[in-house]
Amino acid sequence: MSASGIIKVCGLCREEDVDQALAAGASALGFVHHPPSARHLEVERLVDLVQHAREHSSAHTVLVLVDAVPERVLALAERSGASHLQLCGSEDPRDWSADLSGPALWRRIAVGPGALEELERWTDLCEAFVLDHPGAPGGTGVEVDGVLARDLASRAPCILAGGLDGANVAARIQAVEPMGVDASSRLEREPGIKDPAAVSAFTEAARQALTTEGTP
């Protein structure tokens with residue numbers, strides 16, 4: 001599936017939050033496997049949640065990883081059935097290959113100095129790029145530089161992240177013109193616990209804005 005029109009809810013830690021995101025219309029679900037994160041899932045829990053999502057929808061199931069080792073995470077993807085790997089650390093594209101039979105790759109791009117060079121290094125391998133704030137691998141809740149993000153989104157399929165919620169996602173889509181959007185921390189009551197109203201507001205506003213942007 002193309003990255004066009006992607007609405008991703010990330011940092012999911014509970015079955016009820018997976019179900020809520022799907023009911024609200026999310027087309028991609030993010031599951032974090034990175035111990036420093038407040039939304040980290042141990043392997044068994046991650047596998048259970050991904051399989052729960054797969055049983056209830058055809059949405060992308062995205063493993064969000066930092067400094068991933070290919071052999072380990074490919075085995076995890078195969079075990080869970082996840083459709084995508086989102087690489088958010090210091091991974092080197094020379095260690096990865098485009099395997100059409102395996103999970104698709106998304107690469108996080110820190111929207112700051114060197115962003116274009118990083119995007120170009122990964123272009124041949126990645127289905128899409130997640131544009132996020134350079135302050136951390138993810139979950140900062142801080143908006144990115146819209147001018148630079150727009151330039152990046154004009155060059156490759158890009159999913160905009162960084163401080164998005166129902167109140168600002170439409171304006172950010174209009175400003176950046178991404179192929180999709182991704183939100184986590186601003187959709188929560190507390191880390192790892194999603195707010196159903198915030199999830200619904202985000203997905204509805206994003207869907208309307210992405211549809212408008214895609215209309216000639």
Donor-acceptor contact present, side-chain [X] to main-chain [Y], <3.5 Å:
| X | Y | value |
| --- | --- | --- |
| Lys194 | Cys10 | yes |
| Ser80 | Val47 | no |
| Thr61 | Val50 | no |
| His40 | His34 | yes |
| Asn168 | Gly163 | yes |
| Thr203 | Ser200 | yes |

Nearest heavy-atom pair of [X] and [Y]: which atoms, and what distance?
| X | Y | value |
| --- | --- | --- |
| Cys158 | Ala153 | SG-CA, 3.8 Å |
| Ala59 | Ala28 | CB-N, 4.3 Å |
| Ala183 | Leu187 | CB-CD1, 3.7 Å |
| Arg189 | Pro196 | NH2-CD, 3.6 Å |
| Cys13 | Leu41 | CA-CD2, 4.0 Å |
| Val130 | Ala161 | CG1-CB, 3.9 Å |

Under 4.5 Å between any side-chain heavy atoms of [X] and [Y], yes or no?
| X | Y | result |
| --- | --- | --- |
| Leu29 | Leu22 | yes |
| Arg172 | Leu164 | yes |
| Pro103 | Glu127 | no |
| Val62 | Lys8 | yes |
| Leu65 | Leu85 | yes |
| Leu131 | Ile159 | no |
| Asp182 | Gln86 | yes |
| Leu76 | Leu63 | yes |

For the [atom1] atom of [X] and the [atom2] atom of [Y], what is their distance to the nearest 0.5 Å?
| X | Y | atom1 | atom2 | answer |
| --- | --- | --- | --- | --- |
| Ile109 | Asp132 | CD1 | CG | 11.0 Å |
| Leu87 | Asp92 | CG | CG | 11.0 Å |
| Leu125 | Trp96 | CG | CH2 | 10.0 Å |
| Leu152 | Glu118 | CG | CD | 11.0 Å |
| His60 | Ile7 | NE2 | CD1 | 11.5 Å |
| Trp106 | Cys88 | CH2 | SG | 11.0 Å |

Would you kindly confirm whether [X] and [Y] end up in one hydrophobic cluster when ILVMFWY residues are joined by side chain heavy atoms under 4.5 Å apart?
| X | Y | result |
| --- | --- | --- |
| Val43 | Leu12 | yes |
| Val66 | Val64 | no |
| Leu116 | Leu160 | yes |
| Ile193 | Val32 | no |

Inset, instruction - Give a yes or no on whether a salt bridge exists between Glu15 and Arg45, defined as a side-chain N under 4.0 angstrom from a carboxylate O. - result: yes
Inset, instruction - Can you sort out the partners of Arg150 under side-chain hydrogen bond (donor to acceptor under 3.5 Å, both in side chains), two or more places apart, ordered by chain and number? - result: Glu177
Legend entry - side chain to side chain contact (heavy atoms under 4.5 Å, CB included) between His52 and Asp19, intermediate numbers included: CA-CA 9 Å; His52 175 82; Asp19 294 342; 2.7 Å; yes
Inset, instruction - Quick one: which residue pairs count as a salt bridge (charged side-chain N to carboxylate O under 4.0 Å, His left out) with a foot in residues 63-91, not counting sequence neighbours? - result: Glu44-Arg79, Glu91-Arg107
Legend entry - Pairs satisfying salt bridge (charged side-chain N to carboxylate O under 4.0 Å, His left out), at least one member in residues 154-169, at least two apart: Asp151-Arg155, Asp165-Arg186
[Y] versus [X], side-chain donor and acceptor atoms under 3.5 Å:
| X | Y | result |
| --- | --- | --- |
| Thr212 | Gln174 | no |
| Gln51 | Glu55 | no |
| His33 | Glu42 | no |

Residues in salt bridge (Lys or Arg N to Asp or Glu O under 4.0 Å) contact with [X], at least two apart in sequence or another chain:
| X | answer |
| --- | --- |
| Arg54 | none |
| Asp145 | none |
| Asp17 | Arg14 |

Legend entry - side chain to side chain contact (heavy atoms under 4.5 Å, CB included) assessment of Val181 paired with Ile173: CA-CA 8 Å; Val181 288; Ile173 288 171; 3.6 Å; yes
